[in-house]
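As structure tokens, the structure follows; a few thoughts come after it.
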Amino acid sequence: QVQLVESGGGLVQAGGSLRLSCAASGRTISTYAMGWFRQAPGKEREFVAAISWSALTTSYADSVKGRFTISRDNVKNTVYLQMNSLKPEDTAVYYCARARIGTPSGVPNDYAYWGQGTQVTVSS
């Protein structure tokens, strides 16, 4: 089993920044891709960003390209999401997930373990 715990969410003004962290325990995540998804009230969960096990490959949703950066530290078993130039439409609960494979994916069913989420609220 893998436990994922997100942190770093909060309330920020539009144009501001936040850095989310996802700490894994139980089993290593170093050989698996990791992803970030988000879900706004009344909306489906959507892909945000993913990173391969080696960190050599990343993938982003078009809506966050150029503003968000995903990274990982396999020694610390932690994944990060740096969010800059935040917009009100980025408001959502953000979830960290561990993939079933080593390559990044934007498909939720490709992920085996999920965290409980952290709330990000961007005010206008």
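Just so you know, residue 1 is the first one in the sequence shown, and it goes up from there. Below, each value reflects all heavy atoms present in this structure, side chains not excepted, and no hydrogens, waters or symmetry copies.
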Practice task
Provide the closest heavy-atom pair for S105 versus A50 in the form atom of the first, atom of the second, distance.
Solution key: O-CB, 3.8 Å

Exercise for the section: Indicate yes or no: at least one non-hydrogen side-chain atom of V48 is less than 4.5 angstrom from one of Y95. Expected result: no

Completion exercise
Nearest heavy-atom contact between A14 and P88 is CB-CD, 4.1 Å

Problem - Spacing of N74 atom CG and T31 atom OG1 [to the nearest 0.5 Å] - result: 8.5 Å

Problem - Intermediate values then yes/no, side-chain contact (heavy atoms from CB on, under 4.5 Å), V79 and R72 - result: CA-CA 4 Å; V79 180; R72 67 188 299 162; 4.2 Å; yes

Problem - Closest non-hydrogen atom pair between S30 and N77, with its separation - result: N-OD1, 4.3 Å

Handout entry: ILVMFWY cluster, L4 and F37 together (side-chain gap under 4.5 Å)
Key = no

Problem - Residues K87, D90: salt bridge by 4.0 Å N-O rule - result: no

Practice task
Take atom CD of Q116 as the centre, draw a 6.0 Å sphere, and report whether it contains more than 12 heavy atoms from other residues, nucleotides or ligands.
Solution key: no

Problem - For the student: nearest non-hydrogen atoms of G117 and E6, plus distance - result: N-OE1, 2.9 Å

Exercise for the section: Locate the shortest heavy-atom distance separating A24 from I29; write the atom from each residue and the value. Expected result: CB-CG2, 3.5 Å

Practice task
Compare all side-chain heavy atoms of S52 with those of T103 and state whether any distance is below 4.5 angstrom.
Solution key: no

Handout entry: R98 to Y113 six-membered ring, cation-pi geometry met (6.0 Å, 45°)
Key = no

Problem - Cluster link Y111 to I70, ILVMFWY, side chain under 4.5 Å - result: no

Problem - Hphob cluster co-occupancy, Y32 + V2, side-chain heavy atoms under 4.5 angstrom - result: no

Problem - side-chain contact (heavy atoms from CB on, under 4.5 Å) evaluation trace for Y80 with T69 - result: CA-CA 8 Å; Y80 306 96; T69 302; over 6 Å; no

Completion exercise
In T91, L11, L20, the residue satisfying side-chain contact (heavy atoms from CB on, under 4.5 Å) with V120 is L20

Practice task
Classify the ring geometry between F68 and Y94 as parallel (under 30°), tilted (30 to 60°) or perpendicular (over 60°).
Solution key: tilted

Fill in the blank from the handout: In this structure, OG1 of T118 is separated from CG of L18 (nearest 0.5 Å) by 8.5 Å

Problem - Sub-4.5 Å side-chain heavy-atom contact between R38 and E46 - result: yes

Exercise for the section: Tell me whether V64 is reachable from I51 by hopping between hydrophobic residues (I, L, V, M, F, W, Y) whose side-chain heavy atoms are closer than 4.5 Å. Expected result: yes

Exercise for the section: Take atom CZ of R27 as the centre, draw a 6.0 Å sphere, and report whether it contains more than 12 heavy atoms from other residues, nucleotides or ligands. Expected result: no

Completion exercise
Nearest heavy-atom approach of C96 to M34 is SG-CE, 3.6 Å

Practice task
Treat each ILVMFWY residue as a node, draw an edge where side-chain heavy atoms are under 4.5 Å apart, and state whether W36 and F47 are in one component.
Solution key: no

